[in-house]
Amino acid sequence: MVTAVATETDTQLQASAQTGEIAIRQVKKSFIQPTGEPIVALSQVDTVIKPGEFVSLIGPSGCGKSTLLRLIAGLLTSDEGTLELDGKTIREPSYERGLVFQDPTLFPWLTVEDNVAFGLKARGVYKTKKAEVAKFIGLVGLEGFGKSYPHQLSGGMAQRASLARALVNEPKVLLLDEPLGALDAFTRMNMQDELIRIWRERGTTMVMVTHDVDEAIYLSDRILVMTTRPARIETSIQVELARPRARGNPDFMQLRSRILDILDFAGKVDEPAYYL
Ligand SMILES: Nc1ncnc2c1ncn2[C@@H]1O[C@H](COP(=O)(O)OP(=O)(O)OP(=O)(O)O)[C@@H](O)[C@H]1O
Ligand SMILES: [Mg+2]
């Protein structure tokens, strides 16, 4: 029984892991501030995220992590460089690239079911995919709460509902902007395991912004440490630890102090040097 489940999961993983490659090439993004001054958020960001890879972005506050996620989402366009999903230039938002924010962004006037069904209805596929709604509510552990309204859920439950709402569209890529930041430590650790389970089951490429070094190590295949603004990737760290990972493991702790050292350095980089 257990073997059969494992085999099916592996097959699903392989099948879906062939798509969802994100190529970010020499991306630059600046904004015009309210003062009229330009501000360079990202400069020379360059990496390829493999299909099915779990990548975390970590870096100083305000360095441009959310900007990078929004570029991948297609909510922003780059000034220079290109972003591609499976070889196709990203030009606009798409259900192929699901987005989950730190605060759950559920529609307060809709039940959990209707929130999750929203994307299917907007895409005109609800009739044929109706059964998916209950399936994904179950996948995130919210069975029995389909008729609840967002205000009747705890923060963790609302975050699960947001995940289900993104996942029901079977995105190739899930973009997570500090998705667990507002949760207490206990709920957060449970949700981390939940994310890993969903990731293994779906084979979705995951790109997650987090401020929590332990969370990045616990979850990721690879951690991209970013510099202060204008942000570029300071270091790309492959996390070789076997899963499930133990936070108290000496290798885990060694990696944590290595990343904290890099962050300390990256956070102190003299900004103007990057304008030269
Ligand atoms: N729409 C915008 N207009 C003007 N400036 C912006 C805009 N969006 C972001 N910025 C600026 O770009 C920089 C990077 O912002 P971003 O939100 O990407 O940072 P972040 O790394 O996600 O920070 P945090 O860790 O605090 O969430 C900031 O200086 C911010 O003020
Ligand atoms: Mg941010």
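Read the numbers this way: they start at 1 and go in the same order the structure lists the ligands and their atoms. The analysis underlying the following values was restricted to heavy atoms, covering all of them including side chains, and did not include hydrogens, waters or symmetry mates. Fair warning: this is a prediction, and the values are worked out from it, not measured in the lab.
Under 4.0 Å is where a charged nitrogen must lie from a carboxylate oxygen, and between D221 and R243 at least one such pair does. Using a 4.0 Å cut-off between a side-chain N of Lys or Arg and a carboxylate O of Asp or Glu, E234 and R232 qualify as a salt bridge.
Looking only at distances, a side-chain donor or acceptor of R165 sits under 3.5 Å from a matching main-chain atom of T105. Judged by distance alone, with hydrogens and angles left aside, the side-chain atoms of Q159 form a donor-acceptor pair with the main-chain N or O of Q102 at under 3.5 Å. A donor-acceptor pair under 3.5 Å is formed between the side chain of T210 and the backbone N or O of D212.
Residue-ligand proximity, T67 to ligand 1, at heavy-atom distances under 4.0 Å covers atoms 14 (C), 15 (O), 16 (P), 18 (O). The atoms of ligand 1 that sit less than 4.0 Å from any heavy atom of E178 are 27 (O). Heavy-atom proximity to I39, at under 4.0 Å, picks out these atoms of ligand 1: 29 (O).
Under 4.0 angstrom from ligand 1, there are no non-hydrogen atoms of R70. When non-hydrogen atoms are compared, ligand 1 lies under 4.0 Å from the side chain of R229 (C-beta onward) but not from its backbone.
Annotation: side chain of L76 is in contact with side chain of F31 (closest heavy-atom distance under 4.5 Å). Using a 4.5 Å heavy-atom cutoff, the side chains of K172 and T205 are not in contact.
At under 3.5 Å, not a single nitrogen or oxygen of A41, backbone or side chain, sits near a nitrogen or oxygen of ligand 1.
Scanning all protein heavy atoms for the shortest distance to atom 23 (O) of ligand 1 gives G62 N, 2.7 Å. Protein heavy atom at the shortest distance from atom 2 (C) of ligand 1 is F31 CD2, 3.5 Å. In terms of protein heavy atoms, atom 26 (O) of ligand 1 is closest to S61 OG, 2.6 Å. At the shortest separation from atom 17 (O) of ligand 1 among protein heavy atoms lies S66 CB, 3.7 Å.
Atom 30 (C) of ligand 1 is not flagged as protein-proximal [any protein heavy atom, distance under 4.0 Å].
Residue contact annotation: S66 places an N/O/S atom under 2.8 Å from the Mg ion (ligand 2).
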Decide side-chain contact (heavy atoms from CB on, under 4.5 Å) for R202 and E170; before the verdict, give the C-alpha distance in whole Å, the side-chain angles of both, and the deciding distance to 0.1 Å. CA-CA 8 Å; R202 314 294 318 164; E170 310 222 38; 2.6 Å; yes

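Heavy atoms of H211 approach ligand 1 to within less than 4.0 angstrom.
Test R188, R256, R247 against D214 for salt bridge (charged side-chain N to carboxylate O under 4.0 Å, His left out) and you get one pass: R256.
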